[in-house]
Each structure stands twice: as structure tokens, then as C-alpha cells.
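Single-structure report; data block below.
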There are 2 protein chains.
Amino acid sequence: MARAATTSDAFNAIAEPQRREILVLLRGGERPVTALARDLGMTQPQASKHLRVLREVGLVRVRGMGRQRLYGLDARGLRPVHEWVGGFERFWNESFDRLDEYVQELKQARQEEPHDDDDQ
Amino acid sequence: MARAATTSDAFNAIAEPQRREILVLLRGGERPVTALARDLGMTQPQASKHLRVLREVGLVRVRGMGRQRLYGLDARGLRPVHEWVGGFERFWNESFDRLDEYVQELKQARQEEPHDDDDQ
DNA sequence: CCATCATATGCCCATATCGGCATGCGTCAA
DNA sequence: TTGACGCATGCCGATATGGGCATATGATGG
């Protein structure tokens with residue numbers, strides 16, 4: 001076995017810097033592959049491949065326009081991601097102060113004992 | 001060249017399901033490696049490796065407690081992710097009605113044809 | 001100092017990915 | 001129909017990654 005479940009979900013799709021750039025660009029409206037490739041400084045095949053991934057996870061939709069293929073944003077798939085990450089919101093504020101406090105406390109008095117080995 | 005910039009950022013760290021689970025578990029407080037491994041049904045080495053990644057991107061902190069190593073959450077690194085994704089918030093609402101409209105339109109125009117076209 | 005527990009690492013294998021390149025395929029213009 | 005254009009794919013090479021396993025390392029209790 002190797003590399004468990006990876007591809008196929010938004011989390012993975014946006015893990016790629018270039019794909020994030022594509023999504024950002026698409027906020028400006030639909031665009032054909034070539035335009036995306038040019039603006040992001042990548043080759044056309046590359047753009048197509050990234051777009052394919054984005055399409056597979058449903059973050060973009062395509063619309064055939066003659067010989068062009070207009071790609072457009074479909075951000076619905078980002079909502080779950082936003083919510084998941086949002087579940088940590090209070091932690092990057094509150095919880096952190098607590099940790100900082102904790103560290104200070106530790107430095108000042110090393111005899112203190114951790115009381116959070118809750119369960120097992 | 002192969003595989004451009006990957007590891008080393010929060011986006012990538014949370015692309016792994018198991019690592020997301022670890023983070024969720026850590027919201028409950030610090031925990032030693034073994035406990036995490038057990039609760040998530042993974043081997044100890046695996047847990048250590050994922051924790052290492054999380055540590056490298058700064059999402060968790062370690063604290064040596066005797067022979068144990070207590071891992072704790074440090075969600076600060078998730079904030080940029082939350083903000084980036086949040087930049088698409090208006091799109092998974094507003095912008096989408098437009099697509100829906102488009103789809104409806106499409107269905108009405110050819111409602112007698114199966115045409116399960118869509119992607120690919 | 002020694003045995004042991006708790007972790008971290010190294011190594012190997014299988015595979016997923018990304019980039020580059022050439023090519024296949026569909027659409028449109030003449 | 002032919003040829004150019006726009007894009008999707010297939011294939012190859014390099015590499016990062018994740019899992020499994022054995023073992024090194026650190027700390028603790030005797």
C-alpha cells in the first residue's frame with residue numbers, strides 16, 4: 001500500500017499552488033485554457049491537467065464555446081473546506097494565548113504538572 | 001523537474017485525511033503519540049510521521065513530558081488557509097445562482113434529450 | 001548501569017504527481 | 001475537404017509520499 005486516499009477532494013485540489021492561482025484568476029470570470037496558461041506562466045498541457053483535477057473535484061465547470069473551452073469557477077466545493085478550517089477558528093486566538101500562558105508558566109515554575117492527559 | 005513546490009505549507013498538510021483527523025483530535029487537548037495512533041487506528045510510526053509534517057508546517061507543537069511527547073494544536077497556521085478560502089465565499093452563493101440559471105435554461109431547451117453530458 | 005517504555009527514523013516498496021513533449025481530436029474557416 | 005487553431009491526453013522521467021517494518025534514540029524506573 002502506498003499513499004492512501006489522496007486526490008479527488010477539494011482539500012487536495014487546493015494543495016497545489018498553481019491550482020489555487022487558477023481558482024483566483026477564475027474569480028474574474030470564465031476564461032479559455034490558453035489565457036489561463038499564459039497569465040499563469042505555464043504550458044497549455046499543464047493548465048489543462050490542473051483544470052482537469054479541478055473539474056474532477058467540481059471546483060470548476062467547463063462550457064464549450066466553439067473551439068474554445070471556457071472554464072468557470074464553481075466554488076461550492078470550497079465551502080466544506082472553509083467550514084472545516086473554520087472549526088479551528090477559536091484555536092488560533094484563544095487557545096493560543098493559553099498555550100503561550102502555559103509556556104510562561106512553565107518557565108517560571110517547573111514544578112507544575114500537566115493535567116490534561118485526559119483519558120487513556 | 002517533477003512535482004513542484006509541495007510539502008511545507010498548511011494547505012498541503014491538511015490535504016491528508018489522517019492529518020486532518022489528528023488536528024481534530026488535538027482540539028481536545030494535548031496528547032501523546034501513542035494515544036493518537038490508537039484512536040486513529042494507525043501505527044505509531046505513521047502517527048509520528050504525520051505529526052512530523054504537521055510540526056514542520058507549524059500546526060502542532062511538541063512538549064516533552066518524561067518519556068512521552070505531548071502534541072498540541074497550534075492552529076495559527078490555519079488562519080491563512082481560512083482566509084484564502086474565505087475569499088471565495090461570495091462565489092459559492094451569488095455567482096452560483098448564475099450557473100444554476102444556466103443549467104435550468106439548458107434543461108428546458110433540450111428537455112427531451114437524455115444528454116447526461118456534463119464534464120467529459 | 002540496565003531493561004523498558006515512548007517515539008523518531010531509516011529503508012524499501014508501490015504509487016501518485018508534476019513537468020515536458022508529442023500527438024490525438026474536435027471545431028471552424030476557406 | 002484541408003489545414004490551422006484550441007485543448008485534452010498519453011507517455012516518460014524525476015521525485016515526493018505514505019505504509020510497513022525494524023531499529024535507533026531518549027527518558028525513566030530499578
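We name chains A, B, ... by the order of the sequence lines, and we start the count at 1 in each one.
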> What dot-bracket string describes DNA chain C from 5' to 3', counting Watson-Crick and G-U wobble pairs whose defining distances are under 3.5 Å, with [ ] for crossing pairs and | for pairs to another strand?
Replying inline: ||||||||||||||||||||||||||||||
How long is the line joining [atom1] of [X] and [atom2] of [N], in whole Å?
X	N	atom1	atom2	result
B:Gln18	D:dG20	CD	C1'	13 Å
B:Leu70	C:dT7	CG	C1'	12 Å
B:Asn12	D:dA16	CG	P	12 Å
A:Met42	D:dA8	CE	P	12 Å
B:Arg31	C:dA6	CZ	C1'	15 Å
B:Leu54	C:dA8	CG	P	12 Å
B:Leu51	C:dA8	CG	C1'	11 Å
A:Glu56	C:dC18	CD	P	11 Å

> Residues in side-chain contact (heavy atoms from CB on, under 4.5 Å) with A:Glu83, at least two apart?
Replying inline: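 Partners of A:Glu83 by the side-chain contact (heavy atoms from CB on, under 4.5 Å) criterion, ordered by chain and then number, come out as A:Arg79.
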>> Please enumerate all residues that pass side-chain contact (heavy atoms from CB on, under 4.5 Å) together with A:Pro45, with sequence neighbours excluded.
In response: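 For A:Pro45, the residues satisfying side-chain contact (heavy atoms from CB on, under 4.5 Å) (neighbours in sequence not counted) are A:Thr43.
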> Which pairs, with at least one residue in residues 42-66 of chain B and sequence neighbours excluded, count as a ring pair (Phe, Tyr, Trp, His ring centres under 6.0 Å)?
Replying inline: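 Output for this query is empty, none listed.
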>> Can you list everything that forms a ring-ring contact (aromatic ring centres under 6.0 Å, His included) with A:Phe11? Sequence neighbours excluded, please.
In response: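 Testing A:Phe11 for ring-ring contact (aromatic ring centres under 6.0 Å, His included), a comparison that skips the adjacent residues, returns A:Trp84.
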Non-hydrogen atoms of [X] and [Y] that approach each other most closely:
X	Y	answer
A:Gly77	A:Ala10	O-CB, 3.5 Å
A:Ala13	A:Leu54	CB-CD2, 4.2 Å
B:Leu26	B:Gly72	CD1-C, 4.2 Å
A:Asn12	A:Arg19	O-NH2, 3.6 Å

> Is there a donor and acceptor pair, one atom on the side chain of B:Gln44 and one on the base of C:dA8, closer than 3.5 Å?
Replying inline: yes
Side chain of [X] (C-beta onward), nearest among [options]:
X	options	result
A:Lys49	C:dA8, C:dG19, D:dG6	C:dG19
B:Thr34	C:dA6, C:dA8, D:dA8	C:dA6
A:Thr43	C:dA8, C:dG20, D:dA8	C:dG20

Identify all pairs in which a protein N or O lies below 3.5 Å from an N or O of nucleotides 3-5 of chain D, and state each distance.
residue: D:dC5; atom: O4'; partner: A:Arg67; partner atom: NH1; Å: 3.0
residue: D:dC5; atom: O2; partner: A:Arg67; partner atom: NH1; Å: 3.3

>> Is there a salt bridge (Lys or Arg N to Asp or Glu O under 4.0 Å) between B:Arg61 and B:Glu30? Walk through the geometry before answering.
In response: CA-CA 9 Å; B:Arg61 297 189 135 216; B:Glu30 298 178 304; over 6 Å; no
> Short question: side chain of B:Arg20, backbone of B:Ile14 - any donor-acceptor pair under 3.5 Å?
Replying inline: yes
Counting only side-chain N and O atoms of [X], is one of them less than 4.0 Å from OP1 or OP2 of [N]?
X	N	value
A:Gln68	C:dC28	no
A:Tyr71	D:dA8	yes
B:Arg52	C:dA8	no
A:Arg19	C:dC18	yes

>> Can you work out whether A:Met65 or B:Val62 has the more 5'-proximal nearest nucleotide on DNA chain C?
In response: B:Val62
>> Both A:Gly66 and A:His50 contact DNA chain C. Which one's nearest nucleotide lies toward the 5' end?
In response: A:His50
>> Any base atoms under 4.0 Å from A:Pro32, or only sugar-phosphate, or nothing? Heavy atoms, all strands.
In response: sugar-phosphate
